[in-house]
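Since the structure is predicted, the reported quantities are computational estimates derived from the model, not experimental observations.
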Amino acid sequence: MALATCLAGAPARAAVPDSPAVTYTNPIAEKRADPHIFKHTDGYYYFTATVPEYDRIVLRRATTVQGLKTATETTIWTKHASGVMGAHIWAPEIHFIDGKWYVYFAAGATDDVWAIRMYVLEGTGANPLTASWTEKGQIKTQWESFSLDATTFVVGGVRYLAWAQRDPSVNNNTDIYLAKMANPWTITGTPVMLSRPTHSWETVGFKVNEGPAVIQRGGKVFMTYSASATDANYCLGMLTASASANLLSQASWSKSPTPVFTSSAATSQYGPGHNSFTVSEDGKSDILVYHDRSYKDITGDPLNDPNRRTRVQKVYWNADGTPNFGIPVADGVTPQRFSSYNVPDRFVRHYDYRARIEANVTKLADSQFRVVPGLAGSGTVSLESANFPGSYLRHRNFEVWLEKNDGSAQFASDATFRRRAGLADPAGVSYESHNYPGRYVRHWEYLLNVQAVSTATDRADATFYAQ
């Protein structure tokens, strides 16, 4: 009876999150567009991307995503001196299928650089950087027309190819198509058109749907794609289907009415797109891989601007099971989210600049914070807003607010904390005030304050999990 009474009075506790925090430092690679990162069973990440010279296919490998930044780069294939596969070598992807490596890419011809078609390389060997590569030729589709951005994935034991192609009878640039595969370089059956650029945000500069990429979760298939011209208007849209549906029926797919990932002036990230997906080193987090630029205005043709960079950030999942990409975060360390230990469906967020915990925060960036070196001294941290760079969580009258750093010593002190092991669970984290030792960030009636802690409930309220 006594034990039961104690348990009944104990604060509720959350399970340690299935997807703990993972952070990276962007950018991963300068002057590398259309990035594709593949995590293999050998423990290595393999990275390929478009080089600005459009003349070769390169590969890097590392045991961590961050390690790709400094990994040695190897050229595995160079464009032909004449004829097909002789120009505009674009958007390579690397896959491992039935014991062999395959690279899908697009290329033009020396006598017509815009005769873009899709091609495949096959590699034999454990390490694709040293593999023996052979050309399997062009992927033939329903038309001989502008086609690119092939990607392959498996649903229900069936391998599919998705790609972008121009329908010769339609006055637009490219649509998204899907077909089954007979082998890694051949489609079979009649392709189905899944998406055509019709929304205003898909038709800025050019009428474009391209760069499909697939992520699966909870019995759903999510296909992101890129839209509009490759300048600051470039953005991601998304198609959704049930994994048990007939994926070769356009009716099985629904298109998001608005883009799911767009430029952010606040973080100085422009034209995010042509993405792929990978997973974190521990396999517990999904990672969005994409390119963008750090400036908005481009002189001349965007295709001649070499400064698209490869970047990564964690994908979060909404309560309804859909992915939430948030905004392209600022360069530097990627942000985290903090869930409440004792109200586990609520996350720290700012709303009207007041810090609180709240459930179902679909405006993801309101609940993302960069843990950066403390403004007031070494050995401390400050929590910088993801969508208001330069603004930090600080206490004022012991209430926690998001405010812009005014450069004062008072602000620096109020916005600086000591990171401690979670007071209610050492797997979590607690933040002790720098200028009021013994006071911790805790929630009280869902608002964040800096208060002294003494009871088990206090300690639970002051404990968070980084996600």
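Proximity of a side-chain donor or acceptor of S263 to a complementary backbone N or O of G271 within less than 3.5 Å is detected. Not one N or O on the side chain of D292 forms a donor-acceptor pair closer than 3.5 Å with the backbone of P272. At distances below 3.5 Å, at least one donor-acceptor pair connects side-chain atoms of T152 with backbone N or O atoms of Y160. No donor-acceptor distance shorter than 3.5 angstrom exists from the side chain of T188 to the backbone of A182, with no hydrogens or angles considered. One N or O on the side chain of Y54 and one on the backbone of L303 form a donor-acceptor pair closer than 3.5 Å. Judged purely by atom type and a 3.5 angstrom limit, Q142 has no side-chain atom pairing as donor or acceptor with the backbone of D167. Panel note: side chain D231, backbone K296; no donor-acceptor pair is recorded below 3.5 Å. Judged purely by atom type and a 3.5 angstrom limit, T151 has no side-chain atom pairing as donor or acceptor with the backbone of A162. Between the side chain of H36 and the backbone N or O of T48, no donor-acceptor pair lies under 3.5 Å. Judged purely by atom type and a 3.5 angstrom limit, S367 has no side-chain atom pairing as donor or acceptor with the backbone of V361.
For K100, the NZ atom sits in a loose shell: 12 or fewer heavy atoms of surrounding residues, nucleotides or ligands are nearer than 6.0 Å. Heavy atoms of other residues, nucleotides or ligands lying less than 6.0 angstrom from CZ of F206 number 12 at most. Atom NZ of K69 sits in a crowded spot, with more than 12 heavy atoms from other residues, nucleotides or ligands closer than 6.0 Å.
Proximity of the aromatic rings of F222 and W317 is defined here by a centroid distance below 6.0 angstrom, and this criterion is met. Aromatic rings from H274 and Y234 are positioned such that their centres are separated by 6.0 Å or more.
Counting all heavy atoms, side chain and backbone alike, H88 lies closest to V113 at ND1-O, 3.1 Å. When all heavy atoms of M193 and Q250 are compared, the pair lying nearest together is O-NE2, 3.0 Å.
Distance check: K255 NZ to E202 CD gives 3.5 Å after rounding to the nearest 0.5 Å. Here the CG atom belonging to D18 is positioned 8.0 Å from the NZ atom belonging to K284, to the nearest 0.5 angstrom. To the nearest 0.5 Å, the span separating CG on N360 from CG on D320 amounts to 8.5 Å. Separation of atoms CG (N324) and CD (Q368) is listed at 8.0 Å; rounding is to 0.5 Å. For the atom pair CG (N127) and CG (L59), the distance works out to 8.5 Å, reported to the nearest 0.5 Å.
Salt-bridge annotation for D331 and R311: present, with a side-chain N of the basic residue lying under 4.0 Å from a carboxylate O of the acidic one. Salt bridge annotation for R349-D366: present, with a cationic side-chain nitrogen under 4.0 angstrom from a carboxylate oxygen. Between E144 and R117 a salt bridge is recorded (basic side-chain N to carboxylate O distance below 4.0 Å).
Residues P128 and V103 have side chains not in contact (no heavy-atom distance under 4.5 Å, counting atoms from C-beta outward). No side-chain heavy atom of T262 sits under 4.5 Å from any side-chain heavy atom of W201. At least one side-chain heavy atom of W253 sits under 4.5 Å from a side-chain heavy atom of V221. Side-chain contact between Q336 and T23: present, with at least one pair of heavy atoms (C-beta onward) separated by less than 4.5 Å.
Tested against M238 for a side chain to side chain contact (heavy atoms under 4.5 Å, CB included), the candidates P259, S195, S256 yield a single pass: S256. Across N26, T267, N387, a single residue satisfies side chain to side chain contact (heavy atoms under 4.5 Å, CB included) together with V329, and that is N26. A ring pair (Phe, Tyr, Trp, His ring centres under 6.0 Å) with F105 is found for exactly one of W77, W133, W90, namely W77.
Of the N and O atoms on the side chains of D297 and Y295, not one donor lies less than 3.5 Å from an acceptor on the other residue. Side-chain atoms of Y46 and R60 include no donor-acceptor pair closer than 3.5 Å. Side-chain polar atoms of Y465 and D425 form a donor-acceptor pair below 3.5 angstrom. Between the side chains of Q165 and T141, a donor-acceptor pair is found at a separation under 3.5 Å.
Partners of S244 according to the side chain to side chain contact (heavy atoms under 4.5 Å, CB included) rule, which considers only residues two or more places apart in sequence or in another chain, are S242. D286 is linked by a salt bridge (Lys or Arg N to Asp or Glu O under 4.0 Å) to nothing, counting only residues two or more places apart in sequence or in another chain.
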